[in-house]
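Everything on this sheet refers to the single structure shown next.
Numbers for residues simply follow the sequence, beginning at 1.
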Amino acid sequence: MGFSSRYVRILFYLLIFSTLFFIARYNYVFYHTIIEFFAIFTGLSITLISAATRGLTQNKIFIKFGILYFFVAVIDFLHTLAYKGMGVFRGWTANHPTQFWIAGRLLETIGFFLILFFPKLKERIIFVSCGALSALFIFTIWFGFFPDCFIEGSGLTPFKITMEYVMIGILFVTLLRVFKCSDSSISPFRKSVILAIVFTMLGELSFTLYTDVYGFFNFLGHVFRFISYLVILIGVIVDSLRKPVKALLIELDEEKEKLQQMAHKDHLTGLYSRNFFNELIQKQVSTALRQIVPLSFLMIDVDDFKQTNDTFGHLVGDEVLRFIARNIASSIRASDIAARYGGDEFIVAFYNTTEQQALQIAERIREKIRNSKELGFGVDISYGVAQLDSGQDYMKTLQKADEAMYAMKKSKKKAS
């Protein structure tokens with residue numbers, strides 16, 4: 001990211017913060033509803049993304065965060081509905097939403113502790129633990145058993161403040177654990193988890209300082225908590241999933257390239273296949289005719305190849321074909337096209353090359369093959385060359401080269 005884009009992003013965040021602050025000053029209940037619904041939406045997004053992508057990675061920590069934030073979002077939703085000024089639950093005071101707030105943060109803190117201290121815990125244990133705690137918190141708050149957290153006229157209760165510091169302490173211990181942890185399930189997104197814990201701690205610290213549920217530190221605490229949710233969503237879930245997805249895409253591209261090579265190349269010799277040669281040669285013929293440059297074809301056939309197979313076996317016969325292909329490939333230019341045309345036949349198209357020049361190249365290839373000691377026995381080839389005439393179908397030119405090759409083969413048999 002460049003300096004200018006980073007600067008724009010910072011300005012964008014400052015604008016959002018200023019707008020939220022203005023809304024909070026104008027109507028705090030409206031601000032609280034907005035920030036809470038965004039937080040709830042973010043928490044549920046964590047759940048949905050982790051559930052939908054569980055098959056993309058073997059790292060089960062995604063699923064665990066998804067389970068945790070589902071139950072946290074449920075309690076946050078009740079906290080939002082119960083907030084002073086909403087009027088959803090008649091007879092409730094500012095104490096009830098504060099109790100739900102403590103319950104939600106306790107659940108989140110315990111969840112962080114379990115997931116990051118015990119990364120090997122099964123998802124079902126996280127689900128049962130979070131579900132049981134959520135049910136316990138909701139029941140005790142609903143029926144008045146949960147300790148008071150806010151008293152109208154006097155502010156936060158000692159229990160509420162103590163619990164905030166207890167949670168900060170647990171989060172700090174968890175933070176140290178993340179710093180030192182070398183577990184493979186945590187280390188890939190250590191930085192994001194650290195940021196999420198830090199913002200959660202800042203939020204809890206802010207909630208120890210307010211005396212008015214509509215006050216600045218209450219406003220700031222909600223902002224910090226929302227940022228911690230975003231860090232988990234973007235930094236842990238989304239960014240960490242990008243790596244395996246990118247790796248999968250790269251792997252698919254590599255596999256696609258391999259399949260293309262398999263389709264384009266002859267698997268035995270490494271030269272082009274006949275089908276792909278036919279695709280390429282049509283373009284080269286068009287280019288040669290358009291630019292008025294000579295295009296010549298060379299047909300090659302291995303002499304007595306059946307006898308080689310019968311005498312030495314097909315594995316040796318395959319090695320002979322690879323040997324011929326190597327000598328052809330090392331004797332031509334990058335602009336030329338060489339292919340295994342079928343069986344023991346090979347074809348080469350020489351761009352901007354006359355028939356006479358192609359004959360010289362063919363003879364050099366034959367001499368390299370005949371003089372080589374690589375195979376331990378002698379191998380010879382027959383060849384034919386033909387040059388494409390202007391306006392002529394290249395298939396007729398190939399036929400002429402093929403006829404010239406078989407004429408050479410017949411002359412050898414007569415000479416022997």
Side chain proximity check, F100 to T80, heavy atoms < 4.5 angstrom: no
K396/D389 salt bridge by N-O under 4.0 Å criterion: no
Check the angle between the aromatic planes of H32 and H79 and answer parallel, tilted or perpendicular using the 30° and 60° thresholds. perpendicular
Distance from I125 atom CD1 to K120 atom NZ, nearest 0.5 Å? 13.5 Å
Nearest 0.5 Å, what's the CD-CD distance between E403 and Q399? 5.0 Å
Polar contact flag, side-chain donor to acceptor under 3.5 angstrom, Y351-Q291: yes
Can we call the ring centroids of F127 and F71 under 6.0 Å apart? yes
Can we call the ring centroids of F37 and F41 under 6.0 Å apart? no
Decide whether S331 and K368 meet the rule of one side-chain donor and one side-chain acceptor closer than 3.5 Å. yes
Given N352 and S335, is the side-chain contact (heavy atoms from CB on, under 4.5 Å) satisfied, shown in steps? CA-CA 9 Å; N352 196 16; S335 58; over 6 Å; no
What I'd like to find out is whether the side chain of W92 reaches to under 4.5 Å of the side chain of W142, using heavy atoms alone. yes
As a quick check of understanding, evaluate side-chain contact (heavy atoms from CB on, under 4.5 Å) for F150 and K160, giving each step before the final call. CA-CA 7 Å; F150 186 89; K160 199 269 185 185; over 6 Å; no
Which atom of M299 lies closest to which atom of D402, heavy atoms considered: CE-OD1, 3.6 Å
Answer yes or no: is there a donor N or O on one side and an acceptor on the other, between the side chain of K84 and the main chain of V29, under 3.5 Å? no
So, does E367 use its side chain to make a donor-acceptor pair with the main chain of R364 at under 3.5 Å? no
Check: Y28 ring centroid to Y31 ring centroid under 6.0 Å: yes
Please determine, by modelled atom types, if Y394 and Q284 share a side-chain donor-acceptor pair under 3.5 angstrom. no
Give the C-alpha distance, both sets of side-chain angles, the deciding distance and a yes or no for side-chain contact (heavy atoms from CB on, under 4.5 Å) between V173 and F117. CA-CA 10 Å; V173 172; F117 254 88; 3.6 Å; yes
Gap separating the CE atom of M167 from the OG1 atom of T162, nearest 0.5 angstrom: 10.5 Å
Taking atom CD1 of I141 and atom SG of C149, what is their separation to the nearest 0.5 Å? 7.5 Å
Can you confirm whether R333 is buried at CZ, in the sense that more than 12 heavy atoms of other residues, nucleotides or ligands lie under 6.0 Å from that atom? yes
Just checking F89: does its CZ atom have more than 12 heavy atoms from other residues, nucleotides or ligands closer to it than 6.0 angstrom? yes
Nearest atoms (heavy-atom pairs only) where L68 meets G111: CD1-CA, 3.7 Å
Answer whether the closest heavy-atom distance between the side chains of I67 and I63 falls below 4.5 Å. yes
Within-4.5 Å side-chain heavy-atom neighbours: F137 and F146: yes
Please say whether more than 12 non-hydrogen atoms of neighbouring residues, nucleotides or ligands are located less than 6.0 Å from CZ in F159. yes
Evaluate the ring planes of Y272 and F276, with Trp represented by its six-membered ring, and classify them as parallel (under 30°), tilted (30 to 60°) or perpendicular (over 60°). tilted
Just to verify, which of N309, D310, T308, D304 counts as forming a side chain to side chain donor-acceptor pair (under 3.5 Å) with K306? D310
Please list every donor-acceptor pair under 3.5 Å in which a side-chain atom of residues 317-328 meets a protein atom from a residue at least two apart or in another chain.
residue, atom, partner, partner atom, Å
E319, OE1, R322, NE, 3.3
E319, OE1, R322, NH2, 3.2
E319, OE2, R326, NH2, 3.3
R326, NH2, E374, OE2, 2.4
N327, ND2, F323, O, 2.8

Within-4.5 Å side-chain heavy-atom neighbours: I281 and F297: yes
Between the CD1 atom in I197 and the CG atom in L171, the distance rounded to the nearest 0.5 Å is 6.5 Å
Can you see which heavy atom on A362 is nearest to which on L298, and at what distance? CB-CD1, 3.6 Å
More than 12 heavy atoms of other residues, nucleotides or ligands under 6.0 Å from CG of L176: yes or no? yes
Donor-acceptor contact present, side-chain D336 to main-chain I332, <3.5 Å: no
Check the pair E36, T33 against side-chain hydrogen bond (donor to acceptor under 3.5 Å, both in side chains), reporting the backbone distance first and the verdict last. CA-CA 5 Å; E36 283 296 331; T33 304; over 6 Å; no
Residue pair F377 / V316, side-chain heavy-atom distance below 4.5 Å: yes
Interatomic distance, D301 atom CG to D380 atom CG [nearest 0.5 angstrom]: 10.5 Å
Would you tell me whether E108 and Y69 have side-chain atoms, one donor and one acceptor, within less than 3.5 Å of each other? yes
Does the pair F118 and F113 meet the rule for a side-chain contact (heavy atoms from CB on, under 4.5 Å), with working shown? CA-CA 8 Å; F118 307 101; F113 182 83; 3.8 Å; yes
Any non-hydrogen side-chain atom of L295 less than 4.5 Å from a side-chain atom of Q387? no
Hey, are S382 and K412 close enough side-chain-wise for a donor-acceptor pair under 3.5 Å? yes
Does a side-chain heavy-atom distance below 4.5 Å link F65 with F112? yes
Check: R274 side chain, R340 main-chain N or O, donor-acceptor pair, under 3.5 Å: no
Which label fits F199 and F224: parallel for a plane angle under 30°, tilted from 30 to 60°, or perpendicular past 60°? tilted
Salt bridge present between R105 and D76 (N-O < 4.0 angstrom): yes
Report the C-alpha separation of F139 and F143 in whole Å, then their side-chain angles, then the decisive distance to 0.1 Å, and conclude whether the ring-ring contact (aromatic ring centres under 6.0 Å, His included) test is met. CA-CA 6 Å; F139 178 84; F143 292 99; 4.9 Å; yes
